Student: 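Here's a structure for you.
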2 protein chains.
Amino acid sequence: MRVLGIDPGLTRCGVGVVEGVPGRPGTMIAYHVVRTESDDDIAHRLLQLDRALAALVAEHQPESVAVERVFAQHNVRTVMGTAQASAVAVLAGARAGLPVQTYTPSEVKAAVTGSGTAGKAQVTAMVTRLLQLDAPPKPADAADALALAICHIWRGGTRARIQAAALAAARKAHQGRVRR
Amino acid sequence: MRVLGIDPGLTRCGVGVVEGVPGRPGTMIAYHVVRTESDDDIAHRLLQLDRALAALVAEHQPESVAVERVFAQHNVRTVMGTAQASAVAVLAGARAGLPVQTYTPSEVKAAVTGSGTAGKAQVTAMVTRLLQLDAPPKPADAADALALAICHIWRGGTRARIQAAALAAARKAHQGRVRR
């Protein structure tokens with residue numbers, strides 16, 4: 001399964017592509033950081049981001065897209081830009097006909113470090129180890145995007161297992177009823 | 001000058017098309033409200049809005065797009081959705097190669113009512129009067145979108161006059177220097 005993770009931002013937007021299966025160390029395909037100028041017009045910035053993400057989706061042909069969910073807990077100005085960038089990120093996947101899943105920062109941290117309150121350094125360290133990289137991905141936005149992709153692969157696996165278990169249980173119950 | 005105004009929202013997004021010149025009552029071409037279901041997936045909602053706005057821009061062929069600027073002053077959850085919808089709105093214009101301008105709610109209110117703190121009813125009443133409509137546009141999101149388009153036409157005119165005056169003054173100063 002190839003997943004393209006996006007850590008949305010207007011000034012720096014992290015993009016990470018990982019290929020893998022649930023429960024095993026994945027393989028890093030690529031990572032990028034899309035930048036737009038903060039003194040540029042908002043329409044121009046969103047359009048630049050839109051084009052860059054569409055190009056990366058076309059280049060890497062992922063099966064699904066994972067985007068970090070945005071909360072209005074930080075600086076109000078930054079958060080509005082991040083929310084706008086996240087809309088562009090979600091659209092980049094949706095417009096390509098791909099399933100798009102959003103994850104909270106703590107879901108991503110918990111997936112790669114085991115703790116939902118892990119710091120940025122810890123996330124970067126674990127991404128580097130899990131993907132067996134020679135050096136930590138830089139900037140942190142790229143590491144976060146790779147962590148999102150890993151989170152999606154692993155969570156997808158968990159969900160698949162839960163669904164399979166539920167299906168098996170339902171079948172067993174059905175067989176039990178048939179036998180009686 | 002034909003302007004397409006967008007009052008961004010995920011649940012209800014107002015779109016209003018007005019044709020006019022600065023300082024004269026404009027003509028309403030059309031208004032629409034794009035709705036998406038609040039219990040629907042965010043990727044699906046943004047994609048629906050994206051497609052609807054692209055279709056309206058293609059249908060009405062405006063020369064420019066005016067979008068309401070979003071502030072994080074209200075309900076946090078709503079504001080994140082509104083910020084995402086505003087990104088889709090800005091992109092709808094930018095992707096069509098049109099100039100996109102954003103206006104604050106108070107700029108829009110001031111343009112159509114003379115007061116930046118006017119209420120929704122007052123904005124709707126003035127939009128109805130200025131565009132010589134038989135009935136007030138409903139819902140209020142549509143009236144706001146029409147007000148945005150009017151605001152853009154009038155402000156654009158003001159800006160054009162200011163630029164013309166500045167140019168004339170610069171020319172005069174230049175001639176003065178030449179004569180000496």
Side-chain angles (χ1 to χ4, degrees), chain A residues 3-4 6 8-10 13 34 36 40-55 57 62 64-105 152, chain B residues 3-4 6 8-10 13 34 36 40-55 57 62 64-105 152:
Chain A
V3 177
L4 188 139
I6 307 178
L10 261 187
C13 181
V34 180
T36 73
D40 220 354
D41 180 56
I42 181 71
H44 189 233
R45 299 181 80 184
L46 293 174
L47 188 61
Q48 268 189 300
L49 183 59
D50 179 61
R51 285 179 176 163
L53 294 179
V57 166
S64 54
V65 172
V67 180
E68 188 165 301
R69 203 175 299 164
V70 187
F71 293 98
Q73 64 207 159
H74 309 292
N75 179 301
V76 161
R77 276 209 136 193
T78 315
V79 150
M80 301 310 284
T82 310
Q84 293 186 309
S86 83
V88 178
V90 168
L91 268 185
R95 218 185 279 126
L98 300 173
V100 180
Q101 189 79 39
T102 60
Y103 295 99
T104 65
H152 183 69
Chain B
V3 177
L4 187 138
I6 306 177
L10 261 186
C13 180
V34 180
T36 73
D40 220 352
D41 179 59
I42 180 72
H44 190 231
R45 298 180 81 185
L46 292 174
L47 189 61
Q48 269 189 299
L49 183 58
D50 180 60
R51 285 178 177 163
L53 294 179
V57 166
S64 54
V65 172
V67 180
E68 188 164 299
R69 204 174 299 166
V70 186
F71 292 100
Q73 64 209 158
H74 309 294
N75 180 300
V76 162
R77 276 210 137 194
T78 315
V79 149
M80 300 311 284
T82 311
Q84 293 186 309
S86 83
V88 179
V90 167
L91 267 185
R95 219 184 277 123
L98 301 172
V100 180
Q101 189 80 38
T102 60
Y103 294 99
T104 66
H152 183 70

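A, B, ... follow the sequence lines: proteins, then strands. Residue 1 opens every chain. These figures come from a predicted structure and were not determined experimentally.
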Student: Looking at B:Ala87 and A:Val88, what are the two nearest heavy atoms and their distance?
Tutor: CB-CG2, 4.5 Å
Student: For A:Arg95 and B:Asp50, which heavy atoms make the closest approach, and how far apart are they?
Tutor: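 Smallest heavy-atom distance, with atoms named: NE-OD2, 3.0 Å.
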Student: Can you name the nearest heavy-atom pair linking B:Ala94 to A:Leu47, along with the distance?
Tutor: O-CD2, 3.7 Å
Student: Please give me the minimum heavy-atom distance between B:Ala83 and A:Ala83, naming the atom from each residue.
Tutor: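 It is CB-CB, 3.7 Å.
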Student: Only pairs of heavy atoms separated by less than 4.5 Å count here; which of A:Val67, A:Asp41, A:Ile42, A:Leu46 has the most with chain B?
Tutor: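 Top count of heavy-atom pairs under 4.5 Å with chain B: A:Leu46.
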Student: At their closest point, which heavy atom of A:Val70 faces which heavy atom of B:Met80, and how far apart are they?
Tutor: CG1-CE, 3.3 Å
Student: Roughly how far apart are B:Gln84 CD and A:Leu91 CG, rounded to 0.5 Å?
Tutor: 9.0 Å
Student: If you count the non-hydrogen atoms of other residues, nucleotides and ligands that lie under 6.0 Å from CZ in B:Arg51, is the total more than 12?
Tutor: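 No, CZ of B:Arg51 has 12 or fewer neighbouring heavy atoms, counting only those of other groups under 6.0 Å.
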